[in-house]
S.K.: 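Please find one structure pasted underneath; my questions will follow.
Order of the sequence lines fixes the chain letters, A, B, ..., with proteins taken first and strands second; residue numbering starts at 1 for each chain. What you see is a predicted model, and the numbers here were worked out from it, not measured in a lab. Side chains are part of it too, since the values below use all heavy atoms of this structure and drop only hydrogens, waters and symmetry mates.
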Amino acid sequence: MNAVLNTVLIAFPKGRLGDELLPKLAGSTLALDEAALQSRALRIPTATPGVQALLLKGADLPRYVAAGIAALGIVGSDTLDETDVDLLELADLGFGACRLSLCGPRGLDLDALRQRPHLRLATKYLRATEAWLEREGLTAELVPLQSSVELAPILGLADAIVDLVQTGGTLKAHGLEEITVLGTTSARLVAGRGAYLANPERLRPLAAEIIRLLSATA
Amino acid sequence: MATHTPHFPDLLFTGAARLRRWEGRLMGLLADADYAELRSSLVMREPHADASLRFFDGDQLVALRWDYTTALARMLATRFAEPPPRVSYAGPVFRRASQTWEPVERFEVGCERIHADGTLRDAADVEVARLLMAVPATLGLRAAMLQVGSAALLRRPLEAERLPPDLAQAVAEALSRRALHRVQASLGGHPAVGRLLAHCELLLAGLEGTEGLKALESGPYAALLAEECEHLQKTLAALAPMVPSGLALRLDLADVQGLAFYTGPTLRLYAPGARQELAAGGRYDGLYPDLGKPWHAAGFCVRLAPLLDLADARPDLFQELNP
């Protein structure tokens, strides 16, 4: 029981951000145990005794940290901005940088979209899109989608999309292009407010180590 | 405690007994310090906060009591010419939760130290903090941490720089999240960005003891904050010899939650394993003047719902006390 309570859990993201993160940790004090990584283990030991990792989907990760199950976590700012969870955001780690962009079929511009009497935008990022629409003084029907958002304008589900763009390769492959950039996103180091503030002796050095390891390689 | 969303907690035998016992112990602690109980109605007829639970009583919109401090302030400001110096309260408040796991019905015990004479501020702040320091032992909580901060350390620079309310709130929220990068993003090209960013960096430095306050002496708002820093330093010096065993007292200059309400020192109680603060308070000298009374006030509120959760999840953190 005590060993479990004394173990610090760090929540790492699966998916695109995780693919960028794990190679950065290789050979470091927080490198993940390869054998455990290949197994179905839920808690992955790291190179530091008493520190284990949880691999979680980005959308779930903030809840594990806010609930104090994981003391620290790494998650994209796009995910954070779409959730209500109260977390400390200790650093912008810089890597995993993307643009959150309004994208549409080649040749479509913002002025043309402004003229639409009923604009439909497909996106996973409803809050960020609503905030941008408000700033622009536009109204639109938001079509919530979780994946393959780029299909929406091609198949007529929406006029345009708001999505993360890293290289633009996927957009290009689907005959889409960026119309305007709404903002930029990157990986953030987060902590549960209660857990972090109640245990600063243990968590501050660990947070500083993560920042040192990851900011240097951003 | 059961967890539904929204979360209206039903307490079974152990939880109900624990709540009753804790309320009794905390009210005893406050009574021993001359705090007298007030009980405001569960229904508030005044303008309501967005987070309140509202309903129609006939054709009048009313709300369930969403905040004890506000409810008591209205009661005291309308019924007393001079402030009763020490009041306490215990009971539920109802507030829509910002987190899905937070209860809507929250059990609270708290106190208010109210004074018309501004020179009593130093003594009142120490008195309130000293009482809050006694709360963990009163509940049998073996380990806890009391974070002392000051809302004035951000509030005054923001006022001096005349930041619009929306921008001031964005800066405060970013700082409360300890996210300097978001402070920078919020301020964008504001003329005061350099000064405010340098100041926030000092607040976030996490320097131990009173080193953090000393660092502010070389910051961009040193003159503006000199009096508040001195007050905070005096408060900490007065509290240091009284810290009970099992409690750590820390300075947290980046504690700027509730900036719209708190005007001076702030207090937050945490414990290992608790996902949120277990008690919070501080000085709020703006409340009574807004109600037409030139009174000053400080107080705190113990949040029993997260404490009940903690007792369930981490019974090892609590020692059994004699009933």
Side-chain angles (χ1 to χ4, degrees), chain A residues 1-2 4-9 60 62-72 75 77 80-81 83-94 97 128 131 134-135 182-205 207-208 211 215 218, chain B residues 3 5 96-102 136 141 143-149 166 170 173-185 188 204-208 247-248 250-252 254-255 257 268-280 303 306-307 309-310 313-317:
Chain A
M1 181 69 174
N2 281 341
V4 172
L5 288 177
N6 288 329
T7 298
V8 173
L9 287 176
D60 299 334
R63 302 214 173 271
Y64 279 85
V65 181
I69 293 162
L72 299 168
V75 65
S77 58
L80 280 182
D81 289 343
T83 56
D84 268 329
V85 176
D86 176 36
L87 289 172
L88 301 184
E89 194 180 313
L90 303 175
D92 179 352
L93 297 169
E134 197 177 324
R135 287 199 301 274
L182 278 58
T184 54
T185 71
S186 56
R188 306 292 162 93
L189 175 63
V190 295
R193 191 177 288 276
Y196 188 79
L197 296 176
N199 197 3
E201 288 84 2
R202 185 125 194 240
L203 297 182
R204 268 192 206 167
I211 293 168
S215 297
Chain B
T3 49
T5 305
R96 289 187 199 287
S98 59
Q99 311 280 317
T100 50
W101 40 264
E102 279 183 323
L141 183 60
M145 176 186 293
L146 181 63
Q147 305 258 19
V148 180
D166 283 359
E173 277 173 14
L175 186 61
S176 172
R177 293 175 75 163
R178 271 66 171 168
L180 193 63
H181 49 279
R182 288 209 188 238
V183 174
Q184 187 167 16
L204 278 168
L207 297 172
E208 294 299 321
L247 183 83
R250 279 185 184 279
L251 184 64
D252 181 7
D255 175 20
Q257 286 186 89
R268 291 186 198 281
L269 187 73
Y270 292 95
R275 61 180 77 172
Q276 61 185 143
E277 66 207 15
L278 302 175
R303 298 183 173 145
L307 272 158
D309 279 342
L310 188 63
R314 294 287 308 273
D316 57 302
L317 289 176

S.K.: Ion pair present between B:Asp255 and B:Arg268, side-chain N to carboxylate O less than 4.0 angstrom?
M.R.: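 Yes, charged N to carboxylate O under 4.0 Å.
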
S.K.: So which residue, A:Asp92, A:Leu90, A:Leu197, A:Val190, ends up with the most heavy-atom pairs under 4.5 Å with chain B?
M.R.: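 Of the candidates given, the most pairs with chain B belong to A:Leu197.
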
S.K.: Could you check which of B:Ala185, B:Ser176, B:Ala248, B:Ala274 has the highest count of heavy-atom pairs closer than 4.5 Å to chain A?
M.R.: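 Answer, by heavy-atom pair count under 4.5 Å with chain A: B:Ser176.
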
S.K.: Is chain B contacted by the side chain of A:Leu80, its backbone, both, or neither, given a heavy-atom distance below 4.5 Å?
M.R.: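 The answer is the side chain of A:Leu80.
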
S.K.: Heavy-atom distances under 4.5 Å only: say whether A:Ala71 touches chain B with side chain, backbone, both or neither.
M.R.: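 For A:Ala71, no heavy atom lies under 4.5 Å from chain B.
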
S.K.: In terms of heavy-atom contacts, does CD of A:Glu134 have more than 12 from other residues, nucleotides or ligands at under 6.0 Å?
M.R.: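 Open.
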
S.K.: Quick one: do B:Arg182 and A:Asp81 make a salt bridge, cutoff under 4.0 Å?
M.R.: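 Yes, B:Arg182 and A:Asp81 are salt-bridged.
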
S.K.: Given heavy-atom pairs under 4.5 angstrom as the criterion, report whether the side chain, backbone, both or neither of B:Gln257 touches chain A.
M.R.: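 For B:Gln257, the contact with chain A is made by the side chain alone.
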
S.K.: Check this for me: does any side-chain nitrogen of one of B:Asp252 and B:Arg178 sit under 4.0 Å from a carboxylate oxygen of the other?
M.R.: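 Between B:Arg178 and B:Asp252 there is a salt bridge, with a charged N closer than 4.0 Å to a carboxylate O.
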
S.K.: Can you tell which of A:Ser77, A:Ala191, A:Ala91 has the highest number of heavy-atom pairs within less than 4.5 Å of chain B?
M.R.: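 The candidate making the most pairs under 4.5 Å is A:Ala91.
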
S.K.: Sort B:Glu277 into side chain, backbone, both or neither according to what part of it lies under 4.5 angstrom from a heavy atom of chain A.
M.R.: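 Contact with chain A: none, neither part.
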
S.K.: Are the side chains of B:Tyr270 and A:Asn199 in contact, using a 4.5 Å heavy-atom criterion?
M.R.: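 No - every pair of side-chain heavy atoms lies 4.5 Å or more apart.
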
S.K.: Which atom names give the shortest non-hydrogen contact between B:Leu141 and B:Ala271, and what distance separates them?
M.R.: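 Looking at all heavy atoms of both residues, the closest pair is CD2-CB, 4.0 Å.
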
